[in-house]
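Just below is one structure, and these are the notes that go with it.
In each ligand, atom 1 is the first atom listed, and ligand 1 is the first ligand listed.
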Amino acid sequence: MDQLVVRGGQRLEGAVAIAGAKNAALPEIAACLLSAAPLTLLNLPALSDVDTMLALVAQHGVRVERGPARVTLDAGEANGTGAPYDAVRRMRATVLVLGPLLARFGRARVSLPGGCAIGARPVDLHLKALSALGAEVSLEGGLVLAEAPAAGLRGARVVLALPSVGATETAMLAATAARGETEIVNAAREPEVADLAACLRAMGARIEGAGTPRILVEGGRPLGAARHEILPDRVEAGTYAVAAAITGGRLELTGARLEHLASVGAALEAAGVQLWPGDRGLVVERAGPLRPVDITTEPYPGFPTDLQAQFMALMATAEGTSLIRETVFENRFMHVPELARLGANITLRGTAAAVRGGAGLRGAPVMATDLRASVCLVLAGLAAEGETTVNRVYHLDRGYEALDRKLVRCGARIERRPG
Ligand code: UD1
């Protein structure tokens, strides 16, 4: 398993090209299953999660033609009978093929994501949305089995108990192929949900309100060939914004959109970091000292949970105490003990972490535990004195395109050691 060795203390300066958003690419790849006509996705990020999703649809009979930063998906010969693909069990987003398979073929069998049965990160809201559209859903030995009525799925009112991103996407995907109108209430408002709607509209769907809590889908319209450009990754952009901030540097994030990072920008500004729109994207710079800032993660447009770990690394280097509350996922503080190895002083109480920063971080060997936790350790390593070795970086490659190369180009000292 590869390791990253980070030598801290370098100020970063330069431009970083922000890739297409992973969290839009995954549902949009699943969307190809809805139609027999080809779908071309542009600005496709080169990530192992994307490879996994492409392998999953290929296993369902989709022809996958990949080029640089693009893919054409032809589901003309696809079928709903592909065996569940166990190799992808660990990626939660694989459940997104359930809605399209069910809607187009009348039945679907998908491995439950997350390995264990419906547990800490359940998919119950996805399944309830499909039931509301008329599907019969059951669980059997780690598989979700879903069957549509003989006349197919029908439009309905889908009320989500939580504004789940994935469940909103499942509902939107299935409703696109259902007969009649669907109203999704308490929908997630994330920009990736709106981007999936734009992709589905390019295919011929009629969808209104994506990006608001109420989405209307007029289902059953004929779908045709389409091209869609994936929106830039706001989590990747936010991560590099923290990289600029934590090293007291200046980065231009080309392609990044400030409007998708409003809550993050506000937190960074409160911490003493400047952000402004440049000619090619977003410029982030820190010249003065960092200040502690309290944040609470929330569904969009609140502070994203996917940037919580990175912001915590930043706060570990700010003089004073900041309080970081996680309200979206339980157990999303696995980076805390690893940051502590680097000398961070963090106290955990339930869903809140008190970070007492300013004492300075020192390099140490650390272990990446998940995608965002691993990147927070690289960021902390950039600010730490001496050498930080981040083990298990395969987590990083799931969601960050060429992270080490992009950072090195801006002056970071990082070496990837094949393990
Ligand atoms: C998506 C993102 C992930 C991000 C998360 C929250 C993708 C591929 N991933 O994940 O990067 O961290 O949004 O912004 O887009 N929940 C249920 N039942 C369900 C579904 C969700 O209880 O059926 C709960 C989850 O356990 C969690 C909360 O709802 O506590 C939010 O999850 P959700 O918005 O669904 O996240 P994902 O779509 O999995």
Side-chain angles (χ1 to χ4, degrees), residues 20-31 45 47-50 52-53 56 88 90-99 110 112-114 116-132 137 139 144 146 158-174 184 186-197 199 210 213 230-231 233-236 238-239 260-261 263-264 296-311 325-335 351 370-376 395 398-400:
K22 167 177 87 74
N23 288 352
L26 300 178
E28 288 164 7
I29 292 169
L47 303 171
S48 66
D49 271 8
V50 165
T52 302
M53 200 67 172
L56 175 62
V88 299
R90 252 175 264 122
M91 191 174 92
R92 186 170 159 76
T94 53
V95 75
L96 292 168
V97 300
L98 187 60
V110 173
L112 266 178
C116 57
I118 293 189
R121 284 183 79 180
V123 292
D124 57 328
L125 302 177
H126 296 246
L127 307 187
K128 276 186 194 148
L130 296 175
S131 302
V137 182
L139 298 174
V144 180
V158 176
V159 182
L160 298 175
L162 286 170
S164 151
V165 174
T168 303
E169 292 168 346
T170 286
M172 218 161 55
L173 286 161
I184 307 169
N186 198 23
R189 288 182 279 165
E190 269 69 0
E192 294 75 24
V193 170
D195 201 62
L196 171 62
C199 174
I230 300 169
L231 88 168
D233 196 315
R234 65 194 164 97
V235 178
E236 187 192 24
T239 301
H260 291 161
L261 284 163
S263 59
V264 180
T296 300
T297 65
E298 280 167 346
Y300 191 84
F303 192 98
T305 175
D306 286 349
L307 286 169
Q308 180 256 105
Q310 298 87 318
F311 200 80
R325 287 196 186 83
E326 172 62 55
T327 73
V328 180
F329 288 112
E330 321 150 21
N331 284 335
R332 216 178 190 181
F333 283 132
M334 285 174 317
H335 43 287
T351 56
D370 71 30
L371 172 54
R372 308 304 171 188
S374 21
V375 83
C376 108
H395 287 294
R398 288 185 45 204
Y400 287 94

Report the residues that fulfil salt bridge (charged side-chain N to carboxylate O under 4.0 Å, His left out) with E192, sequence neighbours left out, ordered by chain and then residue number. R234

Run down the list A93, P122, S164 and name the one with the heavy atom closest to atom 19 (C) of ligand 1. P122

May I ask which of L371, T327, V165 has a heavy atom nearer to atom 33 (P) of ligand 1 than the others do? V165

Taking all atoms of both residues into account, what is the closest heavy-atom pair of V158 and A129, and its distance? CG1-CB, 3.7 Å

Report the C-alpha separation of E169 and V193 in whole Å, then their side-chain angles, then the decisive distance to 0.1 Å, and conclude whether the side-chain contact (heavy atoms from CB on, under 4.5 Å) test is met. CA-CA 7 Å; E169 292 168 346; V193 170; 3.9 Å; yes

Using a 4.0 Å heavy-atom threshold (strictly under), name the region of D306 that reaches ligand 1: side chain, backbone, both or neither. side chain

Yes or no: does R92 have any heavy atom under 4.0 Å from an atom of ligand 1? yes

Which residues pass the side-chain contact (heavy atoms from CB on, under 4.5 Å) test with A187, not counting sequence neighbours? T168, I184, I215

Those atoms of ligand 1 less than 4.0 Å from some heavy atom in H126: 23 (O)

Would you please say whether a donor-acceptor pair under 3.5 Å links the side chains of H126 and T170? yes

Closest candidate by heavy atom, reference atom 9 (N) of ligand 1, pool N23, V328, L26, V95: N23

Check ion pair R92-D49 (N to O, under 4.0 angstrom): no

Distance under 4.0 Å to a non-hydrogen atom of L162: what atoms of ligand 1 satisfy this? 22 (O), 24 (C), 29 (O)

Near G166 (heavy-atom distance under 4.0 Å), the atoms of ligand 1 are 35 (O), 38 (O)

Atoms of ligand 1 under 4.0 Å from any heavy atom of R332, numbered from 1 in the order shown, are 12 (O)

Between V144 and V137, is there a side-chain heavy-atom distance shorter than 4.5 Å? yes

List every atom of ligand 1 that sits less than 4.0 Å from any heavy atom of D124, numbering the atoms from 1 in the order shown and giving each element. 17 (C), 18 (N), 19 (C), 22 (O), 23 (O)

Side-chain donor-acceptor pair present, T297, E326, cut-off under 3.5 Å: yes

Do ligand 1 and E169 have nitrogen or oxygen atoms that lie under 3.5 Å from each other? no

Need the ligand 1 atom indices (1-based, order shown) with element for anything under 4.0 Å from a heavy-atom of T305. 6 (C), 12 (O), 14 (O)

